[in-house]
Number of protein chains: 2
Amino acid sequence: MTKAVETEWRRARRLSARQAIVDAAWQLAHQEGLLGWSLRDLAREAGITTPTVYAYFESKHAIYDAMFGQAATEFDDYMGAPYDVDDPREHFAAYGRQFLTFCTSDPARYQLLFQRTIPGFEPSPESYAPSIRALDRLGGLLAANGVTEARHRDLWTALATGLASQQVSNDPGGTRWSDLIEESVDMLLAHCLPASGSHNARSRSRRKSGARR
Amino acid sequence: MTKAVETEWRRARRLSARQAIVDAAWQLAHQEGLLGWSLRDLAREAGITTPTVYAYFESKHAIYDAMFGQAATEFDDYMGAPYDVDDPREHFAAYGRQFLTFCTSDPARYQLLFQRTIPGFEPSPESYAPSIRALDRLGGLLAANGVTEARHRDLWTALATGLASQQVSNDPGGTRWSDLIEESVDMLLAHCLPASGSHNARSRSRRKSGARR
DNA sequence: GTCTATAGCTGGATAGAC
DNA sequence: GTCTATCCAGCTATAGAC
(Lines give C-alpha, C1' and ligand atoms only; values in the text may rest on other atoms or scores of the structure.)
Protein backbone atom coordinates (compact mmCIF):
# COMPACT_ATOMS: atom_id res chain seq x y z
CA MET A 1 0.00 0.00 0.00
CA THR A 2 2.99 2.26 0.30
CA LYS A 3 2.86 2.97 -3.39
CA ALA A 4 -0.74 4.10 -3.40
CA VAL A 5 -0.14 6.38 -0.45
CA GLU A 6 2.83 7.96 -2.12
CA THR A 7 0.88 8.50 -5.32
CA GLU A 8 -1.82 10.27 -3.40
CA TRP A 9 0.74 12.36 -1.59
CA ARG A 10 2.35 13.37 -4.87
CA ARG A 11 -1.00 14.28 -6.27
CA ALA A 12 -1.63 16.55 -3.30
CA ARG A 13 1.81 18.09 -3.71
CA ARG A 14 1.13 18.75 -7.34
CA LEU A 15 -2.19 20.37 -6.60
CA SER A 16 -0.70 22.60 -3.96
CA ALA A 17 2.11 23.63 -6.31
CA ARG A 18 -0.52 24.52 -8.91
CA GLN A 19 -2.39 26.45 -6.28
CA ALA A 20 0.74 28.39 -5.31
CA ILE A 21 1.10 29.49 -8.93
CA VAL A 22 -2.53 30.53 -9.14
CA ASP A 23 -2.16 32.44 -5.88
CA ALA A 24 0.81 34.32 -7.29
CA ALA A 25 -1.20 35.09 -10.42
CA TRP A 26 -3.96 36.62 -8.31
CA GLN A 27 -1.42 38.61 -6.41
CA LEU A 28 -0.17 40.09 -9.67
CA ALA A 29 -3.69 40.61 -11.01
CA HIS A 30 -4.47 42.67 -7.93
CA GLN A 31 -1.30 44.72 -8.24
CA GLU A 32 -0.97 45.15 -11.99
CA GLY A 33 -4.41 44.39 -13.33
CA LEU A 34 -5.78 41.21 -14.84
CA LEU A 35 -3.83 41.73 -18.04
CA GLY A 36 -0.85 43.56 -16.61
CA TRP A 37 1.54 40.68 -15.96
CA SER A 38 3.59 38.18 -17.95
CA LEU A 39 4.64 34.61 -17.29
CA ARG A 40 8.06 35.90 -16.31
CA ASP A 41 6.48 38.18 -13.72
CA LEU A 42 4.42 35.27 -12.52
CA ALA A 43 7.38 32.96 -12.16
CA ARG A 44 9.31 35.60 -10.23
CA GLU A 45 6.34 36.21 -7.95
CA ALA A 46 5.98 32.49 -7.30
CA GLY A 47 9.71 32.04 -6.68
CA ILE A 48 10.22 29.66 -9.59
CA THR A 49 11.23 29.92 -13.27
CA THR A 50 9.12 30.08 -16.39
CA PRO A 51 9.69 26.50 -17.52
CA THR A 52 8.47 25.32 -14.12
CA VAL A 53 5.21 27.13 -14.73
CA TYR A 54 4.84 25.01 -17.84
CA ALA A 55 5.28 21.87 -15.75
CA TYR A 56 1.90 22.73 -14.21
CA PHE A 57 0.04 24.69 -16.88
CA GLU A 58 0.20 24.23 -20.59
CA SER A 59 -0.37 27.90 -21.45
CA LYS A 60 -1.16 31.28 -19.97
CA HIS A 61 -4.80 30.79 -20.90
CA ALA A 62 -4.79 27.63 -18.80
CA ILE A 63 -3.75 29.76 -15.83
CA TYR A 64 -6.57 32.19 -16.53
CA ASP A 65 -8.88 29.21 -16.70
CA ALA A 66 -7.75 27.99 -13.30
CA MET A 67 -8.24 31.51 -11.94
CA PHE A 68 -11.71 31.60 -13.47
CA GLY A 69 -12.60 28.24 -11.95
CA GLN A 70 -11.45 29.35 -8.54
CA ALA A 71 -13.33 32.64 -8.83
CA ALA A 72 -16.51 30.89 -9.94
CA THR A 73 -16.27 28.46 -7.05
CA GLU A 74 -15.74 31.33 -4.64
CA PHE A 75 -18.76 33.04 -6.14
CA ASP A 76 -20.91 29.95 -5.76
CA ASP A 77 -19.77 29.41 -2.18
CA TYR A 78 -20.10 33.03 -1.20
CA MET A 79 -23.57 33.49 -2.64
CA GLY A 80 -24.74 30.12 -1.38
CA ALA A 81 -23.69 30.64 2.22
CA PRO A 82 -26.57 30.52 4.73
CA TYR A 83 -28.18 33.88 5.25
CA ASP A 84 -29.84 33.41 8.62
CA VAL A 85 -33.10 35.06 7.65
CA ASP A 86 -36.58 33.66 7.29
CA ASP A 87 -38.40 36.19 5.18
CA PRO A 88 -37.82 35.60 1.45
CA ARG A 89 -37.56 39.31 0.87
CA GLU A 90 -34.88 39.71 3.52
CA HIS A 91 -33.16 36.73 2.01
CA PHE A 92 -33.17 38.42 -1.38
CA ALA A 93 -31.91 41.72 0.03
CA ALA A 94 -29.11 39.91 1.82
CA TYR A 95 -28.28 38.14 -1.43
CA GLY A 96 -28.02 41.50 -3.17
CA ARG A 97 -25.74 42.90 -0.50
CA GLN A 98 -23.59 39.79 -0.71
CA PHE A 99 -23.35 40.15 -4.45
CA LEU A 100 -22.17 43.74 -4.27
CA THR A 101 -19.69 42.90 -1.54
CA PHE A 102 -18.34 40.02 -3.55
CA CYS A 103 -17.93 42.10 -6.70
CA THR A 104 -16.44 45.22 -5.17
CA SER A 105 -14.09 43.41 -2.83
CA ASP A 106 -12.00 42.23 -5.78
CA PRO A 107 -12.28 44.20 -9.04
CA ALA A 108 -9.87 41.94 -10.89
CA ARG A 109 -11.96 38.92 -10.00
CA TYR A 110 -15.07 40.79 -11.07
CA GLN A 111 -13.48 41.64 -14.38
CA LEU A 112 -12.49 38.03 -15.01
CA LEU A 113 -15.84 36.55 -14.02
CA PHE A 114 -18.34 39.02 -15.42
CA GLN A 115 -16.69 41.05 -18.13
CA ARG A 116 -15.14 39.15 -21.02
CA THR A 117 -12.09 41.18 -21.58
CA ILE A 118 -9.11 38.84 -22.06
CA PRO A 119 -8.44 38.50 -25.79
CA GLY A 120 -9.02 34.96 -26.96
CA PHE A 121 -9.90 33.54 -23.55
CA GLU A 122 -13.03 31.53 -22.93
CA PRO A 123 -13.46 29.60 -19.69
CA SER A 124 -13.67 25.82 -20.02
CA PRO A 125 -17.01 24.18 -19.21
CA GLU A 126 -15.57 22.77 -15.98
CA SER A 127 -14.43 26.17 -14.80
CA TYR A 128 -17.71 27.74 -15.78
CA ALA A 129 -19.92 25.15 -14.08
CA PRO A 130 -20.09 26.79 -10.62
CA SER A 131 -21.38 30.02 -12.18
CA ILE A 132 -24.31 28.10 -13.59
CA ARG A 133 -25.08 26.63 -10.20
CA ALA A 134 -25.04 30.12 -8.71
CA LEU A 135 -27.41 31.40 -11.37
CA ASP A 136 -29.77 28.51 -10.72
CA ARG A 137 -29.86 29.40 -7.06
CA LEU A 138 -30.78 32.96 -8.01
CA GLY A 139 -33.77 31.57 -9.88
CA GLY A 140 -34.94 29.78 -6.76
CA LEU A 141 -34.52 32.88 -4.67
CA LEU A 142 -36.54 34.98 -7.06
CA ALA A 143 -39.23 32.33 -7.22
CA ALA A 144 -39.47 32.36 -3.42
CA ASN A 145 -40.23 36.06 -3.78
CA GLY A 146 -42.90 35.40 -6.34
CA VAL A 147 -40.79 36.54 -9.25
CA THR A 148 -41.02 33.88 -11.87
CA GLU A 149 -40.71 35.54 -15.25
CA ALA A 150 -37.40 35.09 -17.04
CA ARG A 151 -37.26 38.71 -18.09
CA HIS A 152 -37.51 39.80 -14.47
CA ARG A 153 -34.50 37.69 -13.65
CA ASP A 154 -32.69 39.39 -16.52
CA LEU A 155 -33.75 42.75 -15.15
CA TRP A 156 -32.25 41.82 -11.81
CA THR A 157 -28.95 40.64 -13.25
CA ALA A 158 -28.68 43.86 -15.23
CA LEU A 159 -29.38 45.98 -12.18
CA ALA A 160 -27.03 44.10 -9.87
CA THR A 161 -24.14 43.91 -12.31
CA GLY A 162 -24.74 47.52 -13.28
CA LEU A 163 -24.37 48.65 -9.70
CA ALA A 164 -21.23 46.58 -9.32
CA SER A 165 -19.76 47.79 -12.57
CA GLN A 166 -20.42 51.46 -11.86
CA GLN A 167 -19.03 51.05 -8.38
CA VAL A 168 -15.84 49.41 -9.56
CA SER A 169 -15.30 51.70 -12.54
CA ASN A 170 -16.31 55.09 -11.19
CA ASP A 171 -15.90 55.02 -7.44
CA PRO A 172 -13.33 52.34 -6.65
CA GLY A 173 -13.06 51.71 -2.96
CA GLY A 174 -16.18 53.76 -2.22
CA THR A 175 -19.81 52.83 -1.70
CA ARG A 176 -21.65 55.31 -3.91
CA TRP A 177 -23.38 52.66 -6.00
CA SER A 178 -23.24 49.63 -3.73
CA ASP A 179 -25.23 51.57 -1.14
CA LEU A 180 -28.10 51.59 -3.63
CA ILE A 181 -28.62 47.84 -3.46
CA GLU A 182 -31.36 47.98 -0.81
CA GLU A 183 -33.24 50.55 -2.80
CA SER A 184 -32.77 48.48 -5.94
CA VAL A 185 -34.28 45.42 -4.30
CA ASP A 186 -37.26 47.49 -3.18
CA MET A 187 -37.65 48.95 -6.62
CA LEU A 188 -37.45 45.62 -8.39
CA LEU A 189 -39.85 43.79 -6.12
CA ALA A 190 -42.33 46.67 -6.20
CA HIS A 191 -42.18 46.48 -9.96
CA CYS A 192 -42.45 42.71 -10.26
CA LEU A 193 -45.10 42.29 -7.59
CA PRO A 194 -47.44 45.19 -8.32
CA ALA A 195 -50.16 44.28 -5.82
CA SER A 196 -48.39 42.98 -2.74
CA GLY A 197 -49.18 45.36 0.08
CA SER A 198 -47.84 43.57 3.10
CA HIS A 199 -44.12 44.01 2.57
CA ASN A 200 -44.01 47.53 1.29
CA ALA A 201 -44.28 49.45 4.51
CA ARG A 202 -41.36 47.63 6.06
CA SER A 203 -39.13 47.71 3.05
CA ARG A 204 -39.78 51.37 2.44
CA SER A 205 -38.89 52.36 5.97
CA ARG A 206 -35.71 50.32 5.83
CA ARG A 207 -34.73 51.92 2.60
CA LYS A 208 -35.00 55.39 4.07
CA SER A 209 -32.84 54.49 7.03
CA GLY A 210 -30.15 52.99 4.79
CA ALA A 211 -26.69 54.51 4.61
CA ARG A 212 -26.01 57.15 2.01
CA ARG A 213 -22.89 58.72 0.76
CA MET B 1 -2.60 85.05 -48.66
CA THR B 2 -1.48 81.99 -50.58
CA LYS B 3 0.67 80.95 -47.69
CA ALA B 4 -2.15 81.09 -45.15
CA VAL B 5 -4.39 79.13 -47.44
CA GLU B 6 -1.79 76.48 -47.96
CA THR B 7 -1.15 76.24 -44.23
CA GLU B 8 -4.82 75.70 -43.65
CA TRP B 9 -4.96 73.13 -46.39
CA ARG B 10 -2.04 71.26 -44.88
CA ARG B 11 -3.65 71.33 -41.51
CA ALA B 12 -6.77 69.81 -43.02
CA ARG B 13 -4.68 67.18 -44.79
CA ARG B 14 -2.94 66.34 -41.57
CA LEU B 15 -6.21 65.97 -39.73
CA SER B 16 -7.65 63.77 -42.42
CA ALA B 17 -4.55 61.59 -42.37
CA ARG B 18 -4.92 61.25 -38.62
CA GLN B 19 -8.55 60.40 -39.12
CA ALA B 20 -7.69 57.72 -41.65
CA ILE B 21 -5.44 56.07 -39.07
CA VAL B 22 -8.12 56.23 -36.41
CA ASP B 23 -10.62 54.77 -38.85
CA ALA B 24 -8.29 51.87 -39.53
CA ALA B 25 -7.86 51.38 -35.79
CA TRP B 26 -11.64 51.12 -35.37
CA GLN B 27 -11.81 48.70 -38.22
CA LEU B 28 -9.31 46.45 -36.44
CA ALA B 29 -10.98 46.93 -33.08
CA HIS B 30 -14.23 45.65 -34.61
CA GLN B 31 -12.53 42.69 -36.21
CA GLU B 32 -9.98 41.66 -33.58
CA GLY B 33 -11.19 43.32 -30.42
CA LEU B 34 -10.10 46.52 -28.78
CA LEU B 35 -6.85 44.97 -27.60
CA GLY B 36 -6.36 42.49 -30.42
CA TRP B 37 -4.24 44.52 -32.82
CA SER B 38 -0.70 45.92 -32.99
CA LEU B 39 0.74 49.02 -34.58
CA ARG B 40 1.99 46.84 -37.41
CA ASP B 41 -1.51 45.57 -38.02
CA LEU B 42 -2.73 49.13 -37.91
CA ALA B 43 -0.18 50.38 -40.40
CA ARG B 44 -1.00 47.54 -42.78
CA GLU B 45 -4.72 48.21 -42.46
CA ALA B 46 -4.16 51.91 -43.14
CA GLY B 47 -1.89 51.22 -46.10
CA ILE B 48 1.17 52.89 -44.55
CA THR B 49 4.13 51.82 -42.43
CA THR B 50 4.69 51.94 -38.71
CA PRO B 51 6.98 54.98 -38.68
CA THR B 52 4.33 56.93 -40.53
CA VAL B 53 1.92 56.18 -37.74
CA TYR B 54 4.40 57.86 -35.44
CA ALA B 55 4.37 60.94 -37.64
CA TYR B 56 0.77 61.43 -36.47
CA PHE B 57 0.61 59.84 -33.04
CA GLU B 58 3.30 59.71 -30.44
CA SER B 59 2.27 56.35 -29.00
CA LYS B 60 -0.34 53.63 -29.16
CA HIS B 61 -2.05 55.13 -26.13
CA ALA B 62 -2.37 58.39 -28.08
CA ILE B 63 -4.31 56.45 -30.70
CA TYR B 64 -6.56 54.98 -28.05
CA ASP B 65 -7.03 58.50 -26.76
CA ALA B 66 -8.10 59.75 -30.18
CA MET B 67 -10.47 56.79 -30.45
CA PHE B 68 -11.86 57.61 -27.03
CA GLY B 69 -12.35 61.25 -27.95
CA GLN B 70 -14.17 60.32 -31.13
CA ALA B 71 -16.35 57.81 -29.32
CA ALA B 72 -17.20 60.32 -26.60
CA THR B 73 -18.11 62.92 -29.22
CA GLU B 74 -20.27 60.39 -31.02
CA PHE B 75 -21.93 59.57 -27.73
CA ASP B 76 -22.60 63.21 -26.98
CA ASP B 77 -23.98 63.83 -30.46
CA TYR B 78 -26.04 60.66 -30.54
CA MET B 79 -27.62 61.18 -27.15
CA GLY B 80 -28.13 64.90 -27.76
CA ALA B 81 -29.92 64.53 -31.07
CA PRO B 82 -33.48 65.90 -31.10
CA TYR B 83 -36.06 63.34 -30.07
CA ASP B 84 -39.24 64.78 -31.57
CA VAL B 85 -41.37 64.15 -28.52
CA ASP B 86 -43.10 66.54 -26.15
CA ASP B 87 -43.81 64.49 -23.09
CA PRO B 88 -40.79 64.38 -20.74
CA ARG B 89 -41.42 60.75 -19.99
CA GLU B 90 -41.46 59.84 -23.67
CA HIS B 91 -38.31 61.88 -24.02
CA PHE B 92 -36.69 59.88 -21.27
CA ALA B 93 -37.80 56.56 -22.73
CA ALA B 94 -36.46 57.57 -26.12
CA TYR B 95 -33.20 58.54 -24.45
CA GLY B 96 -33.00 55.10 -22.88
CA ARG B 97 -33.61 53.36 -26.18
CA GLN B 98 -30.98 55.53 -27.81
CA PHE B 99 -28.50 54.64 -25.12
CA LEU B 100 -28.99 50.93 -25.59
CA THR B 101 -28.81 51.25 -29.34
CA PHE B 102 -25.62 53.24 -29.07
CA CYS B 103 -23.97 50.74 -26.74
CA THR B 104 -25.00 47.54 -28.47
CA SER B 105 -24.32 48.77 -31.98
CA ASP B 106 -20.58 48.79 -31.30
CA PRO B 107 -19.30 46.61 -28.46
CA ALA B 108 -15.68 47.70 -28.94
CA ARG B 109 -16.71 51.32 -28.60
CA TYR B 110 -18.74 50.43 -25.53
CA GLN B 111 -15.77 48.66 -24.00
CA LEU B 112 -13.50 51.63 -24.61
CA LEU B 113 -15.94 54.23 -23.32
CA PHE B 114 -17.56 52.53 -20.36
CA GLN B 115 -15.33 49.71 -19.18
CA ARG B 116 -11.78 50.61 -18.27
CA THR B 117 -9.97 47.64 -19.59
CA ILE B 118 -6.86 48.80 -21.44
CA PRO B 119 -3.85 48.39 -19.14
CA GLY B 120 -2.31 51.76 -18.33
CA PHE B 121 -4.68 53.82 -20.45
CA GLU B 122 -6.57 56.79 -19.10
CA PRO B 123 -8.34 59.19 -21.47
CA SER B 124 -7.03 62.74 -21.53
CA PRO B 125 -9.28 65.48 -20.12
CA GLU B 126 -9.92 66.78 -23.65
CA SER B 127 -11.06 63.40 -24.89
CA TYR B 128 -13.16 62.86 -21.83
CA ALA B 129 -14.92 66.22 -21.95
CA PRO B 130 -17.83 65.22 -24.25
CA SER B 131 -18.79 62.43 -21.85
CA ILE B 132 -19.22 65.00 -19.12
CA ARG B 133 -21.47 67.09 -21.33
CA ALA B 134 -23.58 64.03 -22.07
CA LEU B 135 -23.90 63.24 -18.38
CA ASP B 136 -24.97 66.81 -17.68
CA ARG B 137 -27.70 66.50 -20.26
CA LEU B 138 -28.92 63.36 -18.52
CA GLY B 139 -29.29 65.42 -15.35
CA GLY B 140 -31.56 67.87 -17.16
CA LEU B 141 -33.62 65.09 -18.63
CA LEU B 142 -34.16 63.48 -15.26
CA ALA B 143 -35.03 66.83 -13.71
CA ALA B 144 -37.67 67.36 -16.42
CA ASN B 145 -39.18 64.11 -15.20
CA GLY B 146 -39.15 65.27 -11.62
CA VAL B 147 -36.16 63.12 -10.68
CA THR B 148 -33.73 65.39 -8.89
CA GLU B 149 -31.87 63.30 -6.36
CA ALA B 150 -28.31 62.42 -7.20
CA ARG B 151 -28.70 58.83 -6.05
CA HIS B 152 -31.61 58.35 -8.46
CA ARG B 153 -29.37 59.43 -11.29
CA ASP B 154 -26.82 56.90 -10.09
CA LEU B 155 -29.54 54.26 -10.02
CA TRP B 156 -30.37 55.06 -13.62
CA THR B 157 -26.78 54.92 -14.83
CA ALA B 158 -26.37 51.55 -13.09
CA LEU B 159 -29.53 50.19 -14.69
CA ALA B 160 -28.79 51.47 -18.17
CA THR B 161 -25.15 50.40 -18.24
CA GLY B 162 -26.12 47.09 -16.66
CA LEU B 163 -28.57 46.36 -19.45
CA ALA B 164 -25.98 47.32 -22.02
CA SER B 165 -23.25 45.30 -20.39
CA GLN B 166 -25.37 42.17 -20.03
CA GLN B 167 -26.54 42.52 -23.60
CA VAL B 168 -23.04 42.88 -24.99
CA SER B 169 -21.47 40.19 -22.80
CA ASN B 170 -24.15 37.51 -22.73
CA ASP B 171 -26.29 37.91 -25.82
CA PRO B 172 -24.16 39.68 -28.41
CA GLY B 173 -26.17 40.62 -31.45
CA GLY B 174 -29.46 39.81 -29.71
CA THR B 175 -32.00 41.96 -27.88
CA ARG B 176 -32.63 39.95 -24.71
CA TRP B 177 -31.60 42.76 -22.37
CA SER B 178 -31.98 45.82 -24.54
CA ASP B 179 -35.66 45.00 -24.95
CA LEU B 180 -36.02 45.59 -21.23
CA ILE B 181 -35.27 49.29 -21.49
CA GLU B 182 -38.91 50.40 -21.67
CA GLU B 183 -39.76 48.36 -18.64
CA SER B 184 -36.72 49.76 -16.86
CA VAL B 185 -37.82 53.32 -17.49
CA ASP B 186 -41.27 52.50 -16.12
CA MET B 187 -39.78 50.83 -13.10
CA LEU B 188 -37.40 53.65 -12.35
CA LEU B 189 -39.93 56.43 -12.72
CA ALA B 190 -42.52 54.56 -10.68
CA HIS B 191 -39.91 54.21 -7.99
CA CYS B 192 -38.65 57.79 -8.08
CA LEU B 193 -42.09 59.39 -8.40
CA PRO B 194 -44.17 57.35 -5.96
CA ALA B 195 -47.39 59.33 -6.27
CA SER B 196 -47.74 60.25 -9.93
CA GLY B 197 -50.84 58.50 -11.22
CA SER B 198 -51.38 60.09 -14.60
CA HIS B 199 -48.62 58.41 -16.58
CA ASN B 200 -48.83 54.93 -15.21
CA ALA B 201 -51.70 53.57 -17.21
CA ARG B 202 -50.14 54.54 -20.49
CA SER B 203 -46.66 53.42 -19.69
CA ARG B 204 -47.84 50.11 -18.38
CA SER B 205 -49.84 49.31 -21.46
CA ARG B 206 -46.95 50.24 -23.67
CA ARG B 207 -44.63 48.02 -21.70
CA LYS B 208 -46.85 45.03 -22.18
CA SER B 209 -47.05 45.53 -25.91
CA GLY B 210 -43.28 45.81 -26.21
CA ALA B 211 -41.30 43.24 -28.16
CA ARG B 212 -39.89 40.29 -26.32
CA ARG B 213 -37.40 37.68 -27.21
C1' DG C 1 6.22 62.82 -44.49
C1' DT C 2 7.19 58.57 -46.02
C1' DC C 3 9.96 55.03 -46.58
C1' DT C 4 13.69 50.88 -45.35
C1' DA C 5 15.87 49.00 -41.85
C1' DT C 6 16.46 47.91 -37.33
C1' DA C 7 17.13 48.74 -32.45
C1' DG C 8 15.86 47.10 -28.08
C1' DC C 9 13.00 44.63 -25.59
C1' DT C 10 9.46 41.45 -23.98
C1' DG C 11 6.23 38.04 -24.98
C1' DG C 12 5.02 32.89 -24.71
C1' DA C 13 7.02 28.73 -25.12
C1' DT C 14 10.80 24.92 -25.44
C1' DA C 15 15.42 21.95 -25.39
C1' DG C 16 18.09 19.50 -22.75
C1' DA C 17 21.20 18.91 -18.61
C1' DC C 18 20.67 17.46 -13.98
C1' DG D 1 10.36 18.71 -11.63
C1' DT D 2 13.46 22.22 -11.74
C1' DC D 3 16.89 24.49 -13.61
C1' DT D 4 20.02 27.34 -17.41
C1' DA D 5 19.93 28.78 -21.70
C1' DT D 6 17.64 30.10 -25.58
C1' DC D 7 14.41 30.27 -29.56
C1' DC D 8 11.70 33.05 -32.24
C1' DA D 9 7.95 35.82 -33.01
C1' DG D 10 6.02 39.71 -31.68
C1' DC D 11 5.94 44.32 -29.82
C1' DT D 12 6.66 49.65 -29.55
C1' DA D 13 9.49 52.87 -31.06
C1' DT D 14 13.50 55.19 -33.56
C1' DA D 15 17.49 56.34 -36.96
C1' DG D 16 18.44 58.02 -41.12
C1' DA D 17 18.01 58.08 -46.30
C1' DC D 18 15.10 60.23 -49.68
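From a predicted model like this one, the values you see are computed outputs, not experimental measurements. Chain naming here is simple, since letters A, B, ... match the order of the sequence lines and numbering starts at 1 in each. These values consider heavy atoms only, across backbone and side chains, with no hydrogens, waters or symmetry-generated copies.
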Considering only side-chain heavy atoms of [X], which listed nucleotide, [options], is closest?
X     : options               : value
A:K60 : C:dC3, D:dA5, C:dG12  : C:dG12
B:Y54 : D:dT12, D:dT2, C:dG12 : D:dT12
A:T52 : C:dG12, D:dT14, D:dT2 : D:dT2
B:R14 : C:dG1, D:dG1, C:dT4   : C:dG1

**Message:** Below the 4.0 Å mark, does C:dC3 have OP1 or OP2 next to a side-chain nitrogen or oxygen of B:T49?
**Reply:** yes
**Message:** Quick check on contacts: within residues 28-47 of chain A, what sits under 4.0 Å from DNA chain D by heavy-atom distance?
**Reply:**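 Those residues: none at all.
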**Message:** I'd like to know whether the aromatic ring centres of B:F92 and B:W156 sit less than 6.0 Å apart in this structure.
**Reply:**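 Ring centres of B:W156 and B:F92 closer than 6.0 Å.
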**Message:** Taking the ring centre of each residue, are B:Y64 and B:W37 less than 6.0 Å apart?
**Reply:**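 So the answer is yes for these two rings.
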**Asked** Backbone N or O of B:R97 within a donor-acceptor pair of the B:T101 side chain at under 3.5 Å?
**Response**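 Looks like yes, one N/O pair under 3.5 Å.
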Taking atom [atom2] of [N] as reference, at what distance in whole Å does atom [atom1] of [X] sit?
X     : N      : atom1 : atom2 : result
B:I48 : C:dC3  : CD1   : P     : 7 Å
A:I63 : C:dA13 : CD1   : C1'   : 12 Å
B:I21 : D:dT12 : CD1   : C1'   : 15 Å
B:Y56 : D:dT12 : OH    : C1'   : 19 Å
A:L15 : D:dG1  : CG    : P     : 10 Å
A:F57 : D:dT2  : CZ    : P     : 12 Å

When the ring planes of [X] and [Y] are compared, do they come out parallel, tilted or perpendicular, using 30° and 60° as the limits?
X      : Y      : result
B:F102 : B:Y78  : tilted
B:F75  : B:F99  : perpendicular
A:H61  : A:F121 : perpendicular

**Complete:** Between B:H61 and A:R13, whichever has its closest DNA chain D nucleotide further toward 5' is A:R13
**Request:** Assess whether side-chain contact (heavy atoms from CB on, under 4.5 Å) is satisfied between B:L135 and B:R153, documenting all intermediate values.
**Result:** CA-CA 10 Å; B:L135 198 60; B:R153 193 194 65 179; 4.3 Å; yes
